[in-house]
Amino acid sequence: MDNTYEPDYFFLFELRIRQIAFDEGIDVTIFAGIPDDEDYEKSIPLDLVCDFGLLNDILLFAQDPDQGDLLIQQFSEKLSSKFETPAVIDIENIIGAEMVFSNFILKVYKPHERNEKGDWQPIEDNCVIIDSVLPQSEFDKQKEDRAVHDELLEAAFGHIDYDKRNKEELSDYLILLDNAFKYYLQLCSKDFPKREARKRSGLQDELLFRIATLNHKIISTK
């Protein structure tokens, strides 16, 4: 029986934060909302769990930088003095409204638990765990890289139907390709000429080398 589960990631593009709770450990809970697709003025409640490092990254993306600076100051004052745990910073009391954060991409997933059959299933509440934070521009660049990567694969192997192609087989191939590219980088670090390094790593074909380069970049940013 598997002791872990594979997270089903999804992305958030805007947060409207009401409160932030934290203790002396590393976990932070952000009580927030996300825009309702049917009515942008409304918010869908969401509790997000992350560590202090990710929280600091999020605070850089306040739509109003002055409000962001004020919130960072509130945190600094809390952390520099003794406080009862859990400590709560009530943003609505500080600025009179929710604080909006955008121009970033939050990669999040639902925590899971085992059901009576021992299978993993998402917990039925409004809690999610933040995996990473990226500026919108960096996320868009990664999307472009993935699109080019898929185009190159189609050029190399013909039209790819990901619903029909054996995904496991393709995944194994891309891992082998990444290992070849890592070997190429290792040879370059030992002052081998690039042409010789590509030949030794099996990447002398220009199309294959371009696929391997983008494939390594995508794998490295996951």
Side-chain angles (χ1 to χ4, degrees), residues 4-37 40 43-112 122-123 125-147 149 214-222:
T4 58
Y5 60 91
E6 185 67 30
D8 186 12
Y9 293 107
F10 59 100
F11 300 94
L12 303 177
F13 303 86
E14 181 179 306
L15 282 185
R16 301 163 180 176
I17 300 179
R18 303 185 307 276
Q19 293 180 329
I20 301 175
F22 60 99
D23 55 31
E24 293 173 326
I26 61 170
D27 284 340
V28 176
T29 303
I30 302 171
F31 299 99
I34 57 174
D36 189 326
D37 288 339
Y40 181 79
S43 294
I44 300 170
L46 202 61
D47 300 341
L48 303 101
V49 178
C50 66
D51 60 31
F52 271 108
L54 286 175
L55 175 62
N56 286 332
D57 292 341
I58 292 170
L59 295 183
L60 298 175
F61 293 97
Q63 279 191 354
D64 184 331
D66 291 337
Q67 290 181 354
D69 291 343
L70 179 61
L71 188 54
I72 291 171
Q73 181 183 342
Q74 291 283 327
F75 267 99
S76 299
E77 290 174 359
K78 282 280 188 184
L79 294 174
S80 62
S81 61
K82 291 184 178 180
F83 57 86
E84 294 183 4
T85 57
V88 177
I89 292 181
D90 194 322
I91 294 173
E92 289 180 311
N93 282 343
I94 296 171
I95 67 171
E98 298 174 322
M99 192 180 293
V100 180
F101 295 79
S102 60
N103 294 321
F104 62 13
I105 304 295
L106 293 185
K107 183 179 179 182
V108 302
Y109 64 95
K110 291 283 295 180
H112 284 51
I123 296 174
D125 60 16
N126 62 343
C127 177
V128 298
I129 298 173
I130 302 175
D131 178 86
S132 58
V133 183
L134 271 182
Q136 178 78 49
S137 57
E138 179 63 25
F139 181 79
D140 291 343
K141 180 65 170 61
Q142 289 187 13
K143 278 176 61 179
E144 290 174 12
D145 287 344
R146 286 180 171 85
H149 178 258
L214 277 174
N215 184 60
H216 178 72
K217 187 174 182 180
I218 290 169
I219 288 176
S220 299
T221 56
K222 284 184 178 178

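Sequence positions, counted from 1, serve as the residue numbers for this chain. All figures in this text were calculated on a predicted structure; none of them were measured in a lab.
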query = Under 3.5 Å, side chain of Lys110 to main-chain N/O of Asp125, donor-acceptor pair present?
reply = yes

Flag the pair [X] / [Y] as yes when at least one side-chain heavy-atom distance between them is below 4.5 Å, and no otherwise.
X: Ile94; Y: Ile89; result: yes
X: Ile95; Y: Leu71; result: no
X: Leu46; Y: Val128; result: yes
X: Arg18; Y: Ile91; result: no
X: Phe22; Y: Leu55; result: no
X: Ile58; Y: Phe104; result: yes
X: Ile30; Y: Cys50; result: yes

task = May I have the step-by-step check of side-chain contact (heavy atoms from CB on, under 4.5 Å) for Val28 and Asp51, ending in yes or no?
result = CA-CA 6 Å; Val28 176; Asp51 60 31; over 6 Å; no

key: Stepwise side-chain hydrogen bond (donor to acceptor under 3.5 Å, both in side chains) test for Gln136 and Asn103   = CA-CA 5 Å; Gln136 178 78 49; Asn103 294 321; over 6 Å; no

Closest non-hydrogen atom pair, [X] against [Y]:
X: Pro111; Y: Cys127; value: CD-O, 3.4 Å
X: Pro35; Y: Ile44; value: O-CD1, 4.3 Å
X: Met99; Y: Gln67; value: CE-O, 3.4 Å
X: Leu54; Y: Asp131; value: CD1-O, 4.0 Å
X: Phe101; Y: Leu59; value: CE2-CA, 3.8 Å
X: Asp57; Y: Phe61; value: O-CD1, 3.1 Å

message = Can you tell me how far apart CG (Leu60) and CG (Asn56) are? Round to the nearest 0.5 Å.
response = 7.5 Å

task = Supply the atom-to-atom distance Asp47 CG to Asn126 CG, rounded to the nearest 0.5 angstrom.
result = 4.5 Å

request  = Compute both the distance and the angle, then confirm whether Lys107 meets the cation-pi test with Phe11: under 6.0 Å from the six-membered ring centre, within 45 degrees of the axis.
outcome  = no

inquiry  = Quick check with a 6.0 Å cut-off and a 45 degree axis cone: is Arg16 positioned over the face of Phe31's six-membered ring?
reply    = no

ask   = Passes side-chain contact (heavy atoms from CB on, under 4.5 Å), Val88 versus Ile20? Steps please.
value = CA-CA 6 Å; Val88 177; Ile20 301 175; over 6 Å; no

message = Is there a side-chain contact (heavy atoms from CB on, under 4.5 Å) between Leu15 and Leu48? Walk through the geometry before answering.
response = CA-CA 10 Å; Leu15 282 185; Leu48 303 101; 3.9 Å; yes

request  = Take Tyr109 and Tyr9 through the ring pair (Phe, Tyr, Trp, His ring centres under 6.0 Å) test and state the conclusion after the steps.
outcome  = CA-CA 5 Å; Tyr109 64 95; Tyr9 293 107; 5.6 Å; yes

message = Checking Ser102 against Glu14 for the side-chain hydrogen bond (donor to acceptor under 3.5 Å, both in side chains) test, could you report, in this order, the C-alpha distance in whole Å, the side-chain angles of both residues, the deciding distance, and whether it holds?
response = CA-CA 5 Å; Ser102 60; Glu14 181 179 306; 5.2 Å; no

request  = Could you walk me through whether Val49 and Ile130 pass the side-chain contact (heavy atoms from CB on, under 4.5 Å) test, one step at a time?
outcome  = CA-CA 6 Å; Val49 178; Ile130 302 175; over 6 Å; no

